[in-house]
Amino acid sequence: MPYDYDPSSVEAKWRKRWEEARAYTVDLKSAKNPYYSLVMFPYPSGDKLHVGHWYNFAPADSWSRYMRMHGKQVFAPIGFDAFGLPAENYAVKTGVPPAKSTAENVKTMIKQLKRIGTMYDWEKMVNTSDPSYYQWTQWLFIQMFKNKLAYKKLGNVNFCPSCQTVLANEQVWEGKCERCGTEVQQKALSQWYWKITQYSQKLLDNLDGLEWPEKTKLMQKNWIGRSEGAEISFDIKGHDEKIKVFTTRQDTLFGATFIVLAPEHPLVDKITPANHQGIVRVYKEQARKKTELQRTSEKVKTGEHTGAYAINPVNGKEIPIWIADYVLLNYGTGAVMGVPGHDERDFDFAEPRQDKGLHIQCVIEPDAATPNFLAQVHPNFFGRIPDGKTIDEAQDSLKESYGKEVLEGKKCWKGEGKIINSDFLNGLTVHEAKKKMIAWLENEDRGRGIINYRLRDWLVSRQRYWGAPIPIVYDPEGNAHPVPEEHLPWMLPTDVEFKPTGKSPLTESKEFIARTEKIFGKGWRPEFDTMDTFVCSSFYYLRYLTPPPPGPLPPAGERGSVFVDPAIEKKWLPVSMYIGGPEHACMHLIYARFVMMALKDFGFVSHEEPFQKLVHQGLITNNGAKMSKSKGNVVSPDSFVERYGSDVFRMYLMFMGPFRDGGDWSDTGIKGIDRFVQKVWRMVGEREQLSTAADSKEVTVALHQTIKKVTESMEKMHFNTAISALMEFLNAVEGKSFSNETAQMFARLISPIAPHLAEELWEALGGPSSAKATEDKKDFVIDQSWPTYDPKLLVTDTMTIAVQVNGKLRGQIDVASDASEKDILAAAKAEPHVQKYLEGQVLKKEIYIKGRLVSLVI
RNA sequence: GCCGAAGUGGCGGAAUGGUAGACGCGCACGACUCAAAAUCGUGUACCGCAAGGUGUGAGGGUUCGACUCCCUCCUUCGGCACCA
């Protein structure tokens, strides 16, 4: 008797069997054909698992399963990025300690995650807030410290007044806190940094070898921001100090008619003569009050003359030194040479101040002989030469008009050209002049060629409670010492209030101070800051490979575990497939690369790059808006899973569109997938009466076409078309009988996408030993190989050929698949409909596209 | 401002330069039912009674043939943004 497929009992049954058989546990040591399939681990928030998680994890799981069916030993671990602000903010509000709320959230999320039916190896789970994990976060800090990659420095830092903590550059988005959207302030504080800048070039170079989305690579490239140029020293009239500027346009040094310092530049006060100190002080104060956002959004440039003068080293001319807030202290040297003739910003600054001694001096002449001259002048020029002019004429007139304006100082020329008014550089191209100027500067000891990066060192300390304590202690003189490794984990104290005060919450802990004094001596103090949570997530993929021994945490000093087993690391890294959101392009994904490189240099790992292949899932929105708790538009999957089962829900998400695109949430249409699953069960699962049937030619063709389509779709992670191909197969064989083997093939094809359903089918179809799967003998459908198709079996007996006349479809013909081109063309011309159009016309050309169409031109 | 991605029915979306709209949702009609739901069947880009014509953001180009390639423009979304 037909019965409905009941997902809730079936899915629970298979999850239980998988678990009992330890179907997804990987023996990392013995695996021969490793495939590390990683998803970005979730934060255990109180929102629980939402649709966005499913949209990330379910397709990623389908990919893991697909790889497994290709004979890979797929390791798909999961864990929790459990330190962080939300738990702490929750504690502030409710008084519930973060450790407690986090533990509860983790518990709920594990339950929810298991319901997805993912092939996670739960035995390797990590939780970054667990001492067994954060001891390694601290261990990493100590390695960084010992290798001089961690240092403490007083400097201007980004401070979020709402989160009451400092932030790294990467965590400031458009001048606002990445977490809470509050505008950040600049504060002078002494903070811990990690020297990511030491790896700027390697971070850039290695990108070429990574199979990452080009967009993501580009974002990292821009973030690292390499530029080649020169550092030039300018003498200051009447002072011994020199001003160093960074420029990428050393070729225009003869055109430098002034110097601009950032208002905060340390030399400003020293060089400003008494009669200018008043206005300089006022300007500095104004600049200080502006937020980063205001400073960068102002269009009109402001500034003041310091009253001091520098000497341009190439021509000995005295040029005024100004301060202006369009010059940033933290890029280059915080000082620029003003070349208003050829730099747009300098032009904007100098043009209205020409009467105050800022002159515009041109040193490059637009040159029509320069390659791409036209494109520089007018990017849209090609293909649209005005007034029927020749290219040469157009060039000449452009050169004429642009050259005039530039030379008269009415316009700033940014393009290539010929150097003029520049003594030994005259007549050279920009490129040649750059090289020659560097040689001159180095020869005269006035500067040197350098490479500058925009990337800043990573600020890792945070004035928050719920993070890994920085394992540093200070002696009574205030010198920093690392906590010896035998004292790790350097436990996070619990006798702390959670109210934010702007001071680190750990300062309140009596136990923390007492512990420090007991171990190190009277007057010693611990570091009260904790680490950025991005430190925790920068190496978790390594810790999955070396899970802590089961049972309670061994006492400090007897951890009995290594950071990562070298042989296992060598075999399993880099991660074969990493799936996660694009928002981490310039945060987690750059930190993790840096940490891996550093660990390689320290000798703990053998690879430089952690993630060989990266794919971003698309964003799932609700009415076009990002789902977030604050907007109250988070969609919970629970009720859908309850009603339709997780196979239906995950398939529905995957059916919405291409995985990388994401989309707007809507539950209309989930029924279609439910109908499909019921139909699968009716036609494929429940079919004993058909078990002896043989496949007709039609069914065989349909099956092999389906294998081809599904395989091609899976390869591209186009799960939506994989599902539609499976639907098409059912439509094609509906009402026809087909063999058990074919039904089993179908079960295999659907198994990465609907794992529970596939196991149930496999069992119903008598898949080998399906019901008796044990740890030794894993005969789940997921242990079967991925079906392959036979190209010879894709061919039907007849084919339909479209016939076009002058590019318009005018008819169709059915011909035998092995018909000759001649016969097909004849048949096409004989088609009555087509004939109507051919009548009385001269046939100029006939084209036959094999198996597709005939095109007749008259 | 710069860089990148994308614009296809009522909706989600499909199409190695080769029959645009697969697959699904929705909708309409029909079957089953006392009725409804569920289910099944048929139809469903637009205009037109039809023949036919028009259609992939807009305009142009290459081609026997363009959603696909080239140029210009518009819109949306992402990223960067005084980086010297």
Side-chain angles (χ1 to χ4, degrees), chain A residues 4 173-175 213-216 218-219 221-223 225-227 229 245-250 252 256 260 262 295-299 301 324-328 330-339 342-346 348-349 380 382-384 452-454 582-583 585-586 616 618-619 621 624 652 655-658 660-673 675-676 678-679 682 709 712-713 718 720-731 800-812 836 844-858:
Chain A
D4 278 356
W173 291 9
E174 294 179 349
E214 284 308 315
K215 195 180 138 190
T216 310
L218 193 69
M219 278 167 71
K221 226 176 236 175
N222 291 338
W223 190 257
R226 177 194 152 106
S227 49
V245 306
F246 172 72
T247 179
T248 56
R249 296 302 303 273
Q250 60 275 13
T252 63
V260 190
R295 224 172 122 159
T296 53
S297 60
E298 275 169 357
K299 287 192 191 80
K301 292 184 171 37
D325 63 9
Y326 80 90
V327 174
L328 309 171
N330 60 8
Y331 183 76
T333 60
V336 303
M337 61 183 209
V339 185
H342 307 286
D343 181 279
E344 209 171 5
R345 294 150 304 173
D346 295 341
D348 291 344
F349 185 65
N380 304 335
F382 283 112
R384 251 223 234 153
N452 193 57
Y453 299 91
R454 245 196 286 195
E583 67 275 14
C586 291
H616 298 303
L619 183 68
T621 55
Y652 175 60
F655 191 61
M656 274 174 53
R660 292 173 182 80
D661 290 0
D664 200 49
W665 168 257
S666 151
D667 59 10
T668 64
I670 191 164
K671 258 190 205 160
I673 301 292
R675 283 179 196 146
F676 171 63
Q678 295 295 341
K679 193 165 165 183
R682 269 202 320 278
K709 271 193 197 162
E712 285 168 357
S713 295
H718 286 194
N720 54 333
T721 50
I723 294 168
S724 70
L726 292 168
M727 289 172 166
E728 280 177 89
F729 175 76
L730 281 203
N731 293 344
T800 305
I801 302 288
V803 185
Q804 291 184 344
V805 179
N806 278 1
K808 283 208 190 324
L809 182 69
R810 294 303 182 189
Q812 290 188 348
K836 251 184 11 201
K844 277 201 219 146
K845 209 170 172 182
E846 37 198 288
I847 298 157
Y848 170 59
I849 306 295
K850 201 166 174 294
R852 292 275 187 179
L853 61 59
V854 170
S855 184
L856 303 169
V857 188
I858 54 175

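Below, read A as the first sequence line, B as the second, and so on, with proteins coming before strands; counting in each chain starts at 1.
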A:Y326 meets the ring pair (Phe, Tyr, Trp, His ring centres under 6.0 Å) criterion, sequence neighbours left out, with A:F349

Rounded to the nearest Å, what distance is computed from the CD atom of residue A:E583 to the P atom of nucleotide B:C77?
18 Å

Testing B:A14, B:C23, B:C25 for proximity to the side chain of A:N720, the answer is B:A14

List the protein contact pattern of nucleotides 37-47 of chain B with one symbol per nucleotide (5' to 3'): B for base contact, S for sugar-phosphate-only contact, - for none; contact means a heavy-atom distance under 4.0 Å.
-SSSS------

Figure out the CE/P separation between A:M219 and B:G78, and round it to whole Å.
12 Å

Counting the atoms with a prime plus P, OP1 and OP2 as sugar-phosphate, which does A:E728 contact under 4.0 Å by heavy atoms, base, sugar-phosphate, or nothing?
sugar-phosphate

A:I849 atom CD1 is separated from B:A15 atom P, nearest whole Å, by 20 Å

Would you say A:N806 and A:K844 are linked by a side-chain donor-acceptor pair, where the criterion is simply a distance under 3.5 Å?
no

Does B:C25 have OP1 or OP2 under 4.0 Å away from a side-chain N or O of A:S666?
no

The side chain of A:S724 is closest to which nucleotide in this list: B:A14, B:C23, B:A84?
B:C23

From the options B:A15, B:G24, B:G13, select the nucleotide whose nearest atom is closest to the side chain of A:N731.
B:G24

Decide, for B:G57, between syn and anti: a glycosidic angle within 90° of 0 counts as syn, anything else as anti.
anti

5'-most contact on RNA chain B (nearest-nucleotide basis), A:L853 vs A:I673, goes to A:L853

Rounding to a whole Å, what distance do you find between A:R852:CZ and B:U19:C1'?
9 Å

Just jot down the salt bridge (Lys or Arg N to Asp or Glu O under 4.0 Å) partners of A:R660, sequence neighbours excluded, or say none.
none

For A:I670 and for A:R810, locate the closest nucleotide of RNA chain B by heavy-atom distance; then report the residue assigned to the nucleotide nearer the 5' terminus.
A:I670

Of all the nucleotides listed (B:C64, B:A14, B:A81), which has the minimum atom distance to the side chain of A:I847?
B:C64

Each stem that RNA chain B is part of, given as range with range (3 or more consecutive Watson-Crick or G-U pairs, under 3.5 Å):
B:1-7 with B:74-80, B:10-12 with B:23-25, B:26-31 with B:39-44, B:45-47 with B:52-54, B:57-61 with B:69-73

Out of B:C64, B:A84, B:G24, whichever nucleotide has its closest atom nearest the side chain of A:V857
B:C64

Does A:K215 get its side chain close enough to the base of B:C3, under 3.5 Å, for a donor-acceptor pair?
no

Which residues share a salt bridge (Lys or Arg N to Asp or Glu O under 4.0 Å) with A:K301, sequence neighbours left out:
none

Atom CG of A:L218 to atom C1' of B:C2: distance rounded to whole Å?
11 Å

Of the candidate nucleotides B:A84, B:U19, B:C80, which contains the atom at the shortest distance from the side chain of A:Y331?
B:A84

To the nearest angstrom, the CZ-C1' distance between A:F676 and B:G24 comes to 11 Å

Ring pair (Phe, Tyr, Trp, His ring centres under 6.0 Å) filter on A:F655, not counting sequence neighbours, yields none

Using atom CG of A:L619 as one end and atom P of B:C77 as the other, report the distance to the nearest whole Å.
13 Å

